[in-house]
Amino acid sequence: MPDHLTVLRDALARAVTAVCGQPPAAVEIVPPARPEHGDLATPVAMSMAKAAKRNPREIADGVAAALLADPATAGLVAGVEVAGPGFINLRMAPAWFAAVVDDALAAGPRYGAGGTAAPEPVLVEFVSVNPTGPLHVGHARQAALGDSVSRILAFAGDDVSREYYVNDYGRQMELFGESVAARYGQLYGLPTEVPEDGYQGDYVSDVARVMQVEVGDGHRERVSPPDDETLALFARRGGELMLDAILAELEVFRVHFDVVSHETPLHDDGVVAARLDELVAAGHAYEQDGALWFRSSAFGDEKDRVLRRANGATTYLAADVAYHLDKARRMGGRMIDVLGADHHGYIGRLKALVEAGGFDPDHLEVLIVQLVSLLEQGEARKMSKRAGTLVTMADLVRDIGVDAARFFLVERSSDTTLDLDLGLAREKSQENPVYYVQYAHARCCSILRKAADEGVERGDSPPPEALGDDERALIQRLADWPGVVTEAAARRAPHRVVAYLKDLARDFHGFYHRSQVVDAAPAERDLRLGLVEATRGVIACGLDLVAVEAPERM
RNA sequence: GCGCGAGUAGCUCAGUCGGAUAGAGCGCCGGUCUACGAAACCGGAGGUCGCAGGUUCGAAUCCUGCCUCGCGCGCCA
């Protein structure tokens with residue numbers, strides 16, 4: 001059951017086709033620049049003018065006449081006017097506004113869902129940090145983006161799977177193991193020291209203490225000096241504990257992964273070696289200077305890349321060959337990787353390896369998330385990994401709460417650096433847009449509670465003769481929702497949902513101030529009760545798409 | 001040097017597969033509670049859309065060049 005904006009768009013497309021003899025590429029319906037231009041406007045006649053080699057005003061006149069004669073929109077369009085260079089301005093009838101509200105109520109929580117034209121399986125991989133340390137605010141932004149994109153794609157109709165890829169292999173894990181072992185030794189007063197380039201953070205001691213509980217003092221004799229077997233144990237178990245902590249934090253952050261895949265088995269089970277052999281056999285890899293190179297330049301990358309070093313160790317890229325080709329095989333659909341800005345130089349390689357593996361490189365999409373800087377009183381908060389002043393995701397959540405963190409981290413387009421004002425985010429009041437939106441939801445609930453308390457139920461009276469400006473604006477905003485979802489999904493842009501919610505909340509607050517609901521005359525009351533319920537539903541739905549709670553009371 | 005991203009109001013940013021007089025929040029100035037929540041509403045001031053050309057009925061949006069900022073350019077991950 002298409003929503004009424006779609007009904008109108010289809011009717012306009014039919015009218016254009018009848019007048020021009022060819023269908024329009026798209027029918028854009030926009031709010032008019034000025035209120036006296038009507039309720040809705042479309043520039044479709046002007047965009048058709050070139051293709052049809054006709055005067056835009058002439059087309060517009062024809063479309064206007066055809067639209068008025070279309071039975072599908074009979075009673076919904078109150079007036080059509082051609083203005084300016086060929087804009088078609090529409091004045092909608094009360095029945096149209098009522099129909100929009102009915103659309104939303106009939107669809108319930110599914111209003112706006114399923115708009116993706118060609119749904120497909122999508123695997124969204126994000127966060128994927130080494131289990132050697134806690135998540136910081138940059139990861140929090142990636143988590144918020146990856147999860148919100150997943151929620152939006154799923155709502156729009158795709159079959160989404162969230163995945164975390166654990167780099168639990170290689171030199172960094174060894175260093176982590178050595179660091180944990182050193183801290184473990186220190187618990188027994190041994191002179192063990194964390195390596196210079198190891199992990200110095202306090203959390204390493206926490207991991208060591210947990211391991212002390214698990215393995216007891218059985219290894220105290222084996223960490224000073226350490227033997228390989230012991231280091232391997234500390235690296236493996238330490239990594240597991242760290243990963244558990246990371247995933248638990250992400251659950252608190254309302255991020256749940258459907259699949260957690262590990263790098264180590266790709267090496268141990270020979271998958272990496274097998275993929276490298278295949279690349280060689282296909283002529284996509286070659287030996288030079290004792291190393292094995294991927295001929296990625298043949299697939300558009302800037303230069304060739306090393307897969308296996310002269311010392312025999314495979315690179316991170318080699319594992320990614322195995323991992324991404326495995327993903328491509330499992331999915332048979334689209335892969336989205338969410339990466340930090342410092343990894344953007346990696347995109348060419350990833351696309352190249354997907355193509356070399358026989359898959360369409362366009363099926364891999366890489367979303368780059370720009371940096372986050374935290375502001376305190378307008379001053380940038382200095383963050384340095386070395387100085388230990390890095391703000392972790394846990395710190396952020398403790399400071400401003402999950403709702404504010406999730407909201408602020410996706411409020412801006414992911415390809416612009418984000419300034420997060422902690423003072424504002426912490427503020428539980430007026431200036432804070434999170435509460436502004438949540439408050440609108442609570443107000444809707446408050447009205448509905450009052451109606452229930454007074455035994456007032458929504459009747460089925462016909463729409464009022466005329467609607468107020470606030471009602472028209474709010475209803476039109478609701479009519480936009482399905483389009484907003486589709487757009488946010490197509491562009492992988494949760495910030496569109498957030499921006500919409502702020503607009504919707506503003507329209508609602510304005511309506512609220514000037515319109516009585518429960519105590520209004522029957523015709524108005526029925527429409528407004530439906531409008532409040534529909535608004536409440538869309539706010540709750542939109543907030544859920546960015547994993548922010550919609551409280552009934554605040 | 002090359003690549004990617006950004007440059008729009010005092011600040012933070014929307015808007016960018018071309019549409020009418022470029023928007024919001026914050027901040028600033030002023031007004032509104034005996035109504036379903038004032039965590040709200042209403043009004044005002046505030047702009048060479050980085051610069052310069054080009055494309056056309058029409059450019060913040062597309063093209064070219066330049067400037068500034070961030071990030072990246074390893075047989076690291």
Side-chain angles (χ1 to χ4, degrees), chain A residues 25-26 28 30 32-34 37 41-44 46-47 49-50 55-56 83-87 89 129-130 132 167 169-173 263 288-293 302-303 305-317 319-320 340-348 366 368-371 373 375 378 411-421 424 427-440 442-451 453-454 456 470 495-496 498-500 502-503 505-506 508-520 528 532 553-554:
Chain A
E28 201 185 347
V30 297
R34 308 172 68 174
H37 288 154
T42 175
V44 68
M46 290 180 291
S47 39
K50 203 166 284 180
N55 180 314
F87 285 97
N89 294 328
V129 302
N130 298 1
T132 55
N167 303 126
Y169 184 89
R171 182 63 191 145
Q172 293 308 313
M173 282 317 293
E263 178 180 355
Q288 188 181 307
D289 303 330
L292 182 69
W293 296 73
E302 296 163 27
K303 54 184 177 184
R305 312 287 178 174
V306 172
L307 291 163
R308 191 174 56 229
R309 291 176 285 228
N311 67 9
T314 51
T315 60
Y316 183 78
L317 178 63
D320 253 332
D342 54 344
H343 282 66
H344 73 251
Y346 206 68
I347 300 174
V366 182
I368 291 298
V369 182
Q370 296 293 329
L371 303 179
S373 52
L375 299 184
E411 195 186 7
R412 308 305 185 191
S413 160
S414 57
D415 52 26
T416 186
T417 53
L418 178 74
D419 286 326
L420 202 166
D421 187 329
L424 176 61
E427 192 71 46
K428 282 198 171 44
S429 71
Q430 332 165 354
E431 302 84 28
N432 195 327
V434 187
Y435 299 105
Y436 184 78
V437 174
Q438 289 184 322
Y439 184 52
R443 268 187 160 170
C444 290
C445 292
S446 177
I447 293 172
L448 297 171
R449 267 197 304 273
K450 179 181 175 182
D453 288 349
E454 296 185 5
V456 173
D470 295 302
H495 75 277
R496 298 263 185 153
V498 174
Y500 172 84
K502 290 192 287 190
D503 287 341
R506 182 152 27 83
F508 176 74
H509 286 308
F511 159 78
Y512 170 91
H513 262 266
R514 288 177 288 272
S515 315
Q516 273 294 305
V517 178
V518 180
D519 300 327
R528 291 173 185 174
V532 171
R553 287 191 167 85
M554 292 174 68

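Every chain is numbered from 1 and lettered A, B, ... according to where its sequence line falls, protein lines coming before strand lines. Values below: all heavy atoms of this structure, side chains included; hydrogens, waters and symmetry mates excluded.
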- Measure the spacing between NE2 of A:H495 and CG of A:L418 and express it to the nearest 0.5 Å. 12.0 Å
- Give the minimum heavy-atom separation between A:F87 and A:P43, together with the two atoms involved. CE2-CB, 4.0 Å
- Note on the structure: Given the 90°-from-0 boundary between syn and anti, B:rC33 should be labelled syn
- Message: As a test of reading the structure: which of B:rC41, B:rA20, B:rA14 is closest to the side chain of A:H513, going by heavy atoms?
- Response: B:rC41
- Query: Which part of the nucleic acid, if any, lies within reach of A:A25 when heavy atoms closer than 4.0 Å are counted: base, sugar-phosphate only, or nothing?
  - Reply: nothing
- Between atom CZ in A:R412 and atom C1' in B:rC26, what is the gap in whole Å? 10 Å
- May I have the distance from A:D421 (atom CG) to B:rG27 (atom P), rounded to whole angstrom? 11 Å
- Note on the structure: Counting primed atoms, P, OP1 and OP2 as sugar-phosphate and everything else as base, the B/S/- map of nucleotides 69-77 of chain B against protein heavy atoms under 4.0 Å is --BSSSBSB
- Item | B:rG43 and B:rG23, which share atom name P, separated by this distance in whole Å | 14 Å
- Heavy atoms only: give me the nearest A:W293-A:Q288 pair and the separation to one decimal. NE1-O, 3.1 Å
- B:rU12 versus B:rG7 - spacing of their C1' atoms, nearest Å: 14 Å
- Query: To the nearest Å, how far apart are A:I368 CD1 and B:rC4 P?
  - Reply: 13 Å
- Item | Salt-bridge contact A:R528-A:D470 (side-chain N to carboxylate O under 4.0 Å) | no
- Note on the structure: Winner on side-chain proximity to A:A41, out of B:rA20, B:rA39, B:rG5, is B:rA20
- Task: Working to the nearest 0.5 Å, report the span between CZ of A:R449 and SG of A:C444.
- Result: 11.0 Å
- Query: Between the side chain of A:H513 and the main-chain N/O of A:G510, is any donor-acceptor distance below 3.5 Å?
  - Reply: no
- Query: With pairs taken as Watson-Crick or G-U wobble and both distances under 3.5 angstrom, which stems of at least three consecutive pairs involve RNA chain B?
  - Reply: B:1-7 with B:67-73, B:10-13 with B:23-26, B:28-32 with B:40-44, B:50-54 with B:62-66
- Task: Look at the side-chain N and O atoms of A:R443 and state whether any lies under 4.0 Å from the OP1 or OP2 oxygen of B:rC41.
- Result: no
- Message: Rounded to whole Å, how long is the line connecting atom CD of A:E411 with atom C1' of B:rG15?
- Response: 15 Å
- Query: With rounding to whole Å, what would you report as the distance between B:rU64 and B:rG3 at their P atoms?
  - Reply: 12 Å
- Query: A:R506 side chain N/O closer than 4.0 Å to the phosphate oxygens (OP1, OP2) of B:rC41?
  - Reply: no
- Starting at CZ of A:R496 and ending at C1' of B:rC17, how long is that distance when rounded to a whole Å? 12 Å
- Rounded distance (nearest 0.5 Å) linking atom OG1 of A:T314 with atom CG of A:L292: 10.5 Å
- Message: Rounded to whole Å, please give me the gap between CG in A:L375 and P in B:rU12.
- Response: 8 Å
- If you measure from the C1' atom in B:rU55 to the same atom in B:rU61, how many Å do you get, rounded? 13 Å
- A:D503 meets the salt bridge (charged side-chain N to carboxylate O under 4.0 Å, His left out) criterion, sequence neighbours left out, with A:R477, A:R506
- Query: Which value, in whole Å, describes the distance between the C1' atoms of nucleotides B:rC62 and B:rC2?
  - Reply: 25 Å
- Are OP1 or OP2 of B:rC36 and a side-chain N or O of A:R528 less than 4.0 angstrom apart? no
- Query: How far, in whole Å, is B:rG70 from B:rC29 if one measures between their C1' atoms?
  - Reply: 36 Å
- Query: Does any N or O in the side chain of A:T315 come within less than 3.5 Å of the main-chain N or O of A:R308, such that one atom is a donor and the other an acceptor?
  - Reply: no
- A:N89 (side chain) and B:rA20 (base): donor-acceptor pair under 3.5 Å: yes
- Rounding to 0.5 Å, atoms CD (A:E28) and CE (A:M46) come to a distance of 9.5 Å
- Whole-Å P distance, B:rC11 and B:rA59: 27 Å
- Task: Grab the NZ-C1' distance between A:K502 and B:rC41 for me, whole Å please.
- Result: 19 Å
- Item | Side-chain donor/acceptor of A:N311 to backbone N/O of A:A313, under 3.5 Å | yes
- Task: Using only side-chain N and O atoms of A:Y512, determine if any of them is under 4.0 Å from OP1 or OP2 of B:rA39.
- Result: no
- Of A:Y439 and A:A499, whose closest RNA chain B nucleotide lies nearer the 5' terminus? A:A499
- Message: Measuring from the side chain of A:Y435 (C-beta onward, heavy atoms only), which nucleotide among B:rA39, B:rU16, B:rC41 has the closest atom?
- Response: B:rA39
- Message: Suppose you measure atom P in B:rA52 against the same atom in B:rG46; what distance do you get, rounded to whole Å?
- Response: 23 Å
- Quick one: CG on A:N167 to CG on A:N130, what's the gap to the nearest 0.5 Å? 4.5 Å
- From the list B:rC36, B:rG15, B:rA14, which nucleotide is the closest neighbour of the side chain of A:S413? B:rA14
- A:D419 CG to B:rG5 P, in whole Å, measures 20 Å
- Message: Less than 4.0 angstrom between a side-chain N/O of A:H509 and OP1 or OP2 of B:rA39, yes or no?
- Response: no
